[in-house]
Amino acid sequence: MSEHNSFLEKVKNNQYYNDMNLDLFVEEQLIISEKLYQNKTKIIIIEGEFWTSKQRKANSIHEISYRACFKPQLPYFFISNFTQKGNVVYDPFSGRGTTIIEAALNNRRIVANDINPLSKILTQPRIEIPRYSEINERIETIPYYKNLKSDIDLSMFYQEETLSEILSLKNYLIERYESGKEDHIDRWIRMVATNRLTGHSTNFFSVYTLPPNQAISPQKQKQLNENFNRYPVYKNTKNIILIKTQSLLRDIDNIKRRTLHSVAKEAVFLTEDARNTPQIADNSISLIVTSPPFLDVIDYARDNWLRCWFNNINTEEITKKITVTKSLEEWESFIYDTFIEFKRILKPDGMIAFEVGEIKKGKIKLEDNVISIAQKVGFNIEAVMINKQNFTKTANIWGVTNNLKGVNTNRIVILRK
Ligand SMILES: C[S@@+](CC[C@H](N)C(=O)[O-])C[C@H]1O[C@@H](n2cnc3c(N)ncnc32)[C@H](O)[C@@H]1O
């Protein structure tokens with residue numbers, strides 16, 4: 001095993017505990033066991049709390065919500081333990097770009113892919129970050145028109161004047177894109193506006209609604225407004241964009257900005273099906289950190305219908321392309337095909353950290369299925385990591401406050417080519 005796989009070496013030699021050479025050391029003893037799989041292969045299972053917010057605060061630049069995204073600490077763990085500066089890190093199902101941004105912050109080269117174009121819209125601007133002053137100046141130049149009407153009824157989300165501002169911004173961004181004038185400042189404004197469309201606090205364009213990654217249908221929103229006697233009030237969209245910009249940029253200093261800009265020069269953003277990515281050369285990727293679409297749990301395109309509307313993306317077309325598997329067999333066959341592609345693009349000795357969720361309340365442990373697919377494709381199975389993290393959070397949903405206790409579990413299969 002190559003030298004950069006030091007974490008697994010240490011685990012195997014029992015030298016992992018409180019080892020300060022590991023950037024993230026674990027607070028509690030890990031549980032390490034071995035499991036015998038179908039064809040008598042022994043797999044190491046490592047269970048513990050590998051990344052907590054206490055150990056390492058995530059950079060503020062990550063704070064863009066997306067369904068089923070993982071915490072930045074997860075990709076950081078693998079990027080720091082399995083790669084070095086200049087290596088190429090790839091996420092084939094990039095979502096909001098958690099892996100990609102964490103890799104860029106740590107000076108790795110990046111390749112991002114997601115079949116939903118929204119993913120690039122949400123990620124690219126956070127690698128080629130403009131200065132606050134540039135964003136502030138640009139936003140002042142955007143022409144705002146009164147009394148613009150939208151093609152669909154959005155009155156349950158937005159007050160009239162707010163909607164007119166959103167439409168002015170939408171038209172401006174389309175015009176800039178179509179005339180070839182769009183630059184990184186426009187792309188930043190587009191990303192922040194997309195993130196601020198709907199949400200559950202005053203700093204969103206909409207009336208109080210579900211969190212921004214869970215847009216609901218107009219009919220449902222109407223009903224919620226009626227039930228709780230809420231109605232959209234005027235929101236100053238420019239101010240909201242600037243407030244969110246400030247918040248995203250609070251951990252970005254000059255050194256980080258320079259690192260990100262140098263990574264951005266060579267960054268690759270693709271919008272392909274992860275099974276077929278001819279743009280990526282054979283044997284070119286050092287590490288893949290990813291979580292695939294799970295069985296039919298989340299409808300990524302319809303869930304993002306309002307974000308798609310704002311960005312002129314045809315939700316129905318994207319829905320057709322996004323993989324939503326109806327059975328475990330279908331899911332396995334999809335993963336098999338992606339693994340064949342991963343094997344082609346990974347360098348010899350290249351690693352994969354493949355995060356799978358628990359489905360049917362933990363009855364199906366997808367890592368078992370992933371292991372047998374990986375064996376068929378010819379990967380070495382290094383370990384299964386199970387990260388367990390207890391949490392208590394106070395949730396306030398429609399005026400009812402709850403203290404929710406639970407466990408966040410990430411199950412990650414680690415593979416080597
Ligand atoms: C679990 S999410 C990834 C979230 C990501 N880890 C993050 O932190 O934001 C899965 C992603 O896979 C994308 N996707 C679904 N089918 C795809 C396919 N066939 N090829 C590429 N991407 C696909 C979805 O659009 C979704 O963004």
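Owing to the predicted nature of the structure, the values given are computational and were not obtained by experimental measurement. For the numbers below, each heavy atom of this structure counts, side chains included, while hydrogens, waters and symmetry mates do not.
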Sidechain-backbone polar pair: [X] side chain, [Y] backbone, donor-acceptor under 3.5 Å:
| X | Y | value |
| --- | --- | --- |
| Lys343 | Val377 | yes |
| Arg176 | Lys181 | yes |
| Asn283 | Lys347 | no |
| Arg257 | Pro130 | yes |
| Glu165 | Thr237 | yes |

Test side-chain hydrogen bond (donor to acceptor under 3.5 Å, both in side chains) on Asn113 and Ser94 and set out the steps. CA-CA 6 Å; Asn113 177 63; Ser94 185; over 6 Å; no
Hey, is CD1 on Ile255 packed in by over 12 heavy atoms from elsewhere, all under 6.0 Å?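 Result for CD1/Ile255: open.
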Residues, nucleotides or ligands: over 12 heavy atoms within 6.0 Å of Tyr145 OH: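 No, the 6.0 Å shell around OH holds no more than 12 heavy atoms from other groups.
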Aromatic ring pairing Phe342/Phe93, orientation class (parallel under 30°, perpendicular over 60°, tilted between):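 Because their plane-to-plane angle is over 60°, the rings of Phe342 and Phe93 count as perpendicular.
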Side-chain donor-acceptor pair present, [X], [Y], cut-off under 3.5 Å:
| X | Y | result |
| --- | --- | --- |
| Asn225 | Gln221 | yes |
| Thr325 | Glu330 | no |
| Ser372 | Gln375 | no |
| Asp151 | Trp309 | yes |

So, Tyr208 versus Phe228, ring centres under 6.0 angstrom or not?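 Between Tyr208 and Phe228, the centre distance exceeds or equals 6.0 Å.
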Ring-ring centroid check Phe205 Tyr158, cutoff 6.0 Å: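 No.
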Counting C-beta onward and ignoring hydrogens, is there a side-chain heavy-atom pair between Ile139 and Ile241 closer than 4.5 Å?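 In short, these two side chains touch, coming nearer than 4.5 Å.
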Against Thr99, only a single residue in Thr123, Leu287, Leu74, Val289 fulfils side chain to side chain contact (heavy atoms under 4.5 Å, CB included); can you say which?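 Of the listed residues Thr123, Leu287, Leu74, Val289, the side chain to side chain contact (heavy atoms under 4.5 Å, CB included) partner of Thr99 is Val289.
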Think Arg196 forms a cation-pi with Phe204, using NZ or CZ under 6.0 Å from the six-ring centre and within 45 degrees of its axis?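 Geometry flag: set, cation within 6.0 Å and 45°.
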